Structure formats: structure tokens, C-alpha cells
Amino acid sequence: MARIVAGVATSHVPAIGAAIDQGKTQEPYWQPLFAGFEFSKRWIAEQKPDVVVLVYNDHASAFSLELIPTFAIGCAESFAPADEGWGPRPVPVVEGHPELAWHIAQSTILDEFDMTIVNRMEVDHGLTVPLSLMFGQPAASNFHWPCKVIPLAVNVVQYPPPTGNRCWNLGRAIRKAVESFEPDLKVMIWGTGGMSHQLQGPRAGLINRAFDTAFLDGLTRDPAALARIPHLDYVREAGSEGIELVMWLIMRGALAADAREIYRFYHVPASNTAVGHIILENP
Ligand code: DHB
Ligand code: FE
């Protein structure tokens, strides 16, 4: 049977992707940030997942104000990197896993989650930056990401986003779906976005290290309590874009209650956000 072996959470700041694509990772501004992912790159090279269910949000690249799915699962064979204004990132096309994606869609929809099924979609920095952080840049001679990826897009851009509790419960439903898929696959679930950041207005650049640290602690020790945080608390404490953190709860909900924290990293600044990262392994 398929099984979820681990969860990863990481911010998905677009400037990180630009730093990689422009060869700036060793510059003084960026070096400490990339150093924080060295452990993770070694860890995932050993883990070798077959599939990553990658929870992220689209930033008006594939969707727009014309069409706003709350939860959307990518069931296609492949997903090309989106052009976000400077041409598509020079990263591989993402290869999907249509069989598992359709199975998750079926299982979660029959469990009463109104999942939108997406058969054609381009993926933006929300999805490609975490892949770059965890896998580095694939060699030109073998230009593929090392595993299949199922994009799971969550609306955190246009009010109202789903509640943290809804995200937590969706994670639990995803775990049930994966564990009822017959092929023997090693699956990971990633949550992206966060941590505290506000990109516009008088509070732009807001960083709340105490809130972020408590959130990281809660992911390990008491995630059910995090699921009760209301939207207004995220916005007040973590900034308007800090609401992206609800996506981390989908990741956590898909793991066992006694999942173990094996790595954590926190860094300020990247662009005008706090970068947070945690790895949890299922027992
Ligand atoms: C920025 C954009 C994001 O989507 C994000 O999650 C963090 C930062 C930015 O434009 O700086
Ligand atoms: Fe974002």
C-alpha cells in the first residue's frame, strides 16, 4: 500500500527562486538561508520519495479573480512552470501522478471535501521554489525533478480562505486516501508559504518571531490547538500573507499524531518575509 512517510513545511518566497536561477546563493545576503536547507537536501536524497503531495497556493498565475477554487488538485500528467512576469523559471516541468491524484480526489470528495479537479495547470513559485530548496537544481544531463508531484492548490489569496480547522481535516482525509491506494508508494506531503509576512500597506515587512516560533512548536507538540487559530489572529500576528500558514496544517493533518520533528530552520529576512522550515517523520 502507499504510505505517507514524512511531512515538510517551507516558505516559498519567489526571490529565493530568483537567487537560485541567477546564481546568487553564495552571496552574503542569501548564503545563510541556503545553508539552512543543506540538511534537508541530504535527508531527502536518502529518503527518495516516489511522490510528493505539494500543498501550495497559486498567486494569480493559473487562477485569477475570475475563478477561485478553495481546494484544487492537479490530476494531469505534467505541469509546466508559469511565467510570472520574467519568463518561466528555468526548472524542469513537474511530472504528476494522475492515478494517485484521481484516487485522492475521489476519496476526499466522497469524504465531503469539495475538491476542484484540474487537468491543465501551470505552477508558480508557490510550488517550484520549495522543489528548488529541497532538491537543488537538477543537472542539465538529467533535467527532471527526482519524484512525481501532485499539486494541491489552496486559496489563501482572496477572502475567504478556508479555516485552519478545515485544512487540518483535509490533511486527515488525504492521509486516509493515500493509505487506501494499493500500489506500494513512498509518499510525502509538503505544506508551503508563511511564515510571518505582509507584502503591502503600512505594516509591510511585519515579522513576528514569537508567533512563528510558537507555530513551529505547536506543529510538533499540539497541532490540534493550531487548527483552532482564527483567521484574524493570523492576519494580526503574522501579517496578511501569514494566512498562508493554514496550508502547513494540511501537511500536519496528514501525519500521525506522534510524528517526530527531525529538523527545523528559521531565518529573517528573505525579501520581506520570515522563512520557516520544518521536517516531521511519521513513526
Ligand atoms: C513574496 C511572495 C510570496 O508569495 C510569498 O509567499 C512570500 C514573499 C514576495 O513577493 O516577497
Ligand atoms: Fe506566497
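Only a predicted model underlies this, so the values are computations on that prediction, with no experimental measurement involved. Whatever order the structure lists ligands and atoms in, that order sets their numbers, starting from 1. Hydrogens, waters and symmetry mates are skipped; everything else that's a heavy atom, side chains included, is used.
With respect to R175 and E179, a salt bridge is recorded, a charged nitrogen being found less than 4.0 Å from a carboxylate O. In this structure, R264 pairs ionically with D217, as a charged nitrogen and a carboxylate oxygen lie closer than 4.0 Å. We find that R236 and D233 are joined by a salt bridge, their nearest charged nitrogen and carboxylate oxygen being less than 4.0 Å apart.
A heavy-atom separation below 4.0 Å is not found between A15 and ligand 1. Residue contact annotation: E241 has no non-hydrogen atom under 4.0 Å from ligand 1.
Residue H125 does not count as close to the Fe ion (ligand 2), with no N, O or S atom under 2.8 Å.
Side chain of N282 to backbone of A256: a donor-acceptor contact under 3.5 angstrom is found. In this structure, K48 contributes its side chain and A45 its backbone to a donor-acceptor pair below 3.5 Å.
Every atom of ligand 1 is numbered from 1 in the order shown, and the set under 4.0 Å from a heavy atom of L199 is 1 (C), 2 (C), 8 (C), 9 (C), 10 (O), 11 (O). Taking a cut-off of under 4.0 Å to the non-hydrogen atoms of S271, the atoms of ligand 1 that pass are 9 (C), 11 (O). Residue E244 has at least one heavy-atom neighbour below 4.0 Å for each of these atoms of ligand 1: 4 (O), 6 (O). Below 4.0 Å from some heavy atom of H59 lie the following atoms of ligand 1, by number and element: 4 (O).
Taking the side chain as every heavy atom from C-beta outward, E244 and H197 approach each other to under 4.5 Å.
Partner of H277 under the ring pair (Phe, Tyr, Trp, His ring centres under 6.0 Å) criterion, chosen from W248, W190, F39, Y263: Y263.
At the top of the distance list for atom 8 (C) of ligand 1, counting protein heavy atoms only, stands T273 CG2, 3.4 Å. Regarding atom 2 (C) of ligand 1, its nearest protein heavy-atom neighbour is P14 CD, 3.2 Å.
Looking at E244, its N, O or S atom nearest to the Fe ion (ligand 2) turns out to be OE2.
Checking only distances, N272 never comes within under 3.5 Å of ligand 1, N or O to N or O. For a threshold of 3.5 Å applied to N or O pairs, the pair formed by H197 and ligand 1 contains at least one separation below that value.
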Would S240 and Q200 count as a side chain to side chain donor-acceptor pair (under 3.5 Å) if you check the C-alpha gap in whole Å, the side-chain angles of each, and the deciding distance to 0.1 Å? CA-CA 9 Å; S240 51; Q200 76 287 303; 2.9 Å; yes
